[in-house]
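Numbered from 1 within each chain, the chains take letters A, B, ... in sequence-line order. Every value quoted in this text rests on a predicted model; they were computed, and no experiment measured them.
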Amino acid sequence: MANIILVFLEQRNGLLKKASLEAAKFASDLAGKLSFDVEAVSVGDEINNLQEIGGYGIKKVTHKKHSSLADYSTSAYTKIVSDFIAEIDADIVVFSNTALGKDLAPHLSVKMDSGIVMDAVECNIENGEIQLVRPEYGSKALTTVKITSPKKVITIRPNVFNPGNPNQDAPEIVINELTETDLSTKTIEIKKSEGKLDVAEAEIIVSGGRGMKGPEHFELIEKLADVLGAATGSSRAVVDAGWRPHSEQVGQTGKTVSPTLYVAVGISGAIQHLAGMRSSKYIVAINKDKDAPIFQVADYGIAGDAFEVLPVLIEELKKVKED
Amino acid sequence: MKIAVCVSHVPDTATKVNIGSDGKSIDPNGVTYVVNPYDEFAIEEALKTKEKLGGEVVVISLGGENNKESIRKALAMGVDSGVLLKDDNYRDSLAVAKALADEINNQNAELVFFGKQSVDHDNSIVGQLTAELLGFNSVSVVVSFDLTDNKITAEREIEGGKEVVETSLPAVITAQKGLNEPRYASLKGIMAAKRKTIEEKPALPAENFTEVVIMKKPTPKKAGKIIGNDAGAVPELVRLLKEEAKVI
Ligand SMILES: Cc1cc2nc3c(=O)[nH]c(=O)nc-3n(C[C@H](O)[C@H](O)[C@H](O)COP(=O)(O)OP(=O)(O)OC[C@H]3O[C@@H](n4cnc5c(N)ncnc54)[C@H](O)[C@@H]3O)c2cc1C
Ligand SMILES: Nc1ncnc2c1ncn2[C@@H]1O[C@H](COP(=O)(O)O)[C@@H](O)[C@H]1O
């Protein structure tokens, strides 16, 4: 036992993601509670904002650098991070539960022969033991789990653990130039989707359902999203109807999201939809059926016609934003 | 080529979840179990790949006797043979993956399809764990797949887009919705499935590295406010979002 927690910092396009700052803060808080040391590792080419991580409690970052690593490669990242884990003898490795984290973390848990807990939304120390709470069965159950192996891998749900405000601390940054990488799986291209912001990463989401009546009316959803700086989401019904792309689908067979604000318009609130969004901090529902199940999870609701409410809401919000 | 597809047998997504008397798992009473929805995409892709390149498809499921229902469904869709790795006890993902990897080795499969996620424990990891245990290449959350001359080109869904990934066999692929349209089992398929045998053997023993402490239902959100029933409620909504929720 070296008593070290390692946090993996994810970058895209040479910038650390916000989810990495959350993971860094989570790891440094956990290290504080266990009296462990905390370190960070990143993989990529140039990263421009590595120094920011100091503000979130990380004293030392090792950046594994190679020109072929700007984009993700399961094989290369697995090899590099697992070598580093072995080198510093890390006991606990923390990831954010992003597309990349979900792919990479399990590979490393095999390398470490350790238990792994995915998508934690809460972390408590009970009698010196780390207990993690995670949603299961489409968020219909909350399970507290502990890892019984000496080594541990944990991923945390994005947008749940607050990174707080950074302080002025700067980390020690070690850049480790690599000479070769294992690219047996490699990204040859990234296809960006048309939407500007992905629901999985958005602070605010405006979602439309079958109540929007047709794809042409999603312009209203997009306008509302625009004034709020939000991502657009959808129910499965409208994705299946071909009105919206699957990448927007929120729910059990779509994406799980935890934004600060989720606005559901013309969405009934089927259990599979709730599975993906019920952990949102605030939920607003606009639905003309006052008995729609979405109102049972909504903090604020308007039981009215979306086509009447949305234009007024968009105008009101524009005013607020201008103030 | 031997292709394997791993399926889990899970509660239907519409199921109401009640906590069992042990306080650590769900009460199975009154729960309908189905093939994990993502695994249907995995089965379809395995069948399509066989149709294109030839070979044989085996379905593997780890669990109790009831998992045979999901195995049968795969057989009815056109999978050639089935294996039940019998274990009635709870296993965590890594312990599941160890037994699956062992069987994939026995089967000499070079290409293995998984669902991206099992909708019971919602872990999204068994495919990647199994790939790493086997030393196979792996691509997860795949929405498009092509295998030509031993070269795999797959698209995986990421935040804000897709990664186009190149790799080679042997490989594990985990299927995301959008990969294909799973076929329905034809009557002929259902009849044929009855004659196919399901090999049953004990799952390779493996230790759990995680333990459930307690399972609870989430505390229900306190019913929110319906502020009004027309556009007249908009100013109040905006005020609440600004002053109470402080989100705008
Ligand atoms: C295995 C499985 C997985 C699933 N996964 C998902 C998933 O991931 N995500 C998901 O969303 N669903 C999922 N579903 C589907 C889910 O059960 C529902 O069918 C779906 O969510 C319904 O979409 P909807 O709310 O848009 O449509 P509907 O249920 O048809 O609701 C439309 C709503 O719009 C309201 N409305 C109509 N006109 C207006 C108007 N003018 N103004 C305001 N409101 C109006 C109606 O009152 C109604 O409540 C899944 C189902 C299964 C079986
Ligand atoms: N008990 C099991 N038997 C066979 N395959 C399984 C089992 N559990 C999970 N899988 C496979 O692993 C995938 C991901 O599961 P999970 O990591 O639990 O979300 C599923 O979609 C299945 O393809």
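- Neither the backbone nor the side chain of Lys152(A) comes within less than 4.5 Å of any heavy atom in chain B.
- Contact of Lys116(B) with chain A is made through the side chain alone, with heavy-atom distances under 4.5 Å.
- With sequence neighbours left out, the side chain to side chain contact (heavy atoms under 4.5 Å, CB included) criterion links Ser8(B) to Val10(B), Asn36(B), Asp39(B), Ser118(B).
- Contact of Gln249(A) with chain B is made through the side chain alone, with heavy-atom distances under 4.5 Å.
- Neither the backbone nor the side chain of Val141(B) comes within contact range of chain A; no heavy atom of the residue lies under 4.5 Å from a heavy atom of that chain.
- The salt bridge (charged side-chain N to carboxylate O under 4.0 Å, His left out) pairs that include a residue from residues 141-150 of chain A are Glu129(A)-Lys146(A), Lys146(A)-Glu211(B), where partners are two or more places apart or lie in different chains.
- More than 12 non-hydrogen atoms from other residues, nucleotides or ligands lie less than 6.0 angstrom from NZ of Lys151(A).
- Of the two parts of Pro218(B), the backbone and the side chain both hold a non-hydrogen atom closer than 4.5 Å to a non-hydrogen atom of chain A.
- When atom types are taken as modelled, the side chain of Arg12(A) and the backbone of Glu159(B) share no donor-acceptor pair closer than 3.5 angstrom.
- Comparing Asp71(A), Thr187(A), Thr155(A), Val284(A) by how many heavy-atom pairs each has under 4.5 Å with chain B, the most go to Thr187(A).
- Within the 4.5 angstrom heavy-atom criterion, no atom of Glu207(B) approaches chain A.
- Within the 4.5 angstrom heavy-atom criterion, only side-chain atoms of Ile204(A), from C-beta onward, approach chain B.
- Scanning for side-chain hydrogen bond (donor to acceptor under 3.5 Å, both in side chains) contacts around Thr256(A) gives an empty result, with sequence neighbours left out.
- Proximity to chain A is limited to the side chain of Leu237(B), based on heavy atoms less than 4.5 angstrom apart.
- Under the side chain to side chain donor-acceptor pair (under 3.5 Å) rule, Asn123(B) has a single partner from Arg134(A), Glu136(A), Lys102(A), which is Arg134(A).
- Looking at Asn18(B), there are no atoms closer than 4.5 Å to chain A (heavy atoms on both sides), in backbone or side chain.
- At a heavy-atom cut-off of under 4.5 Å, chain A is reached by Leu94(B), Lys98(B) from residues 92-102 of chain B, listed in order of number.
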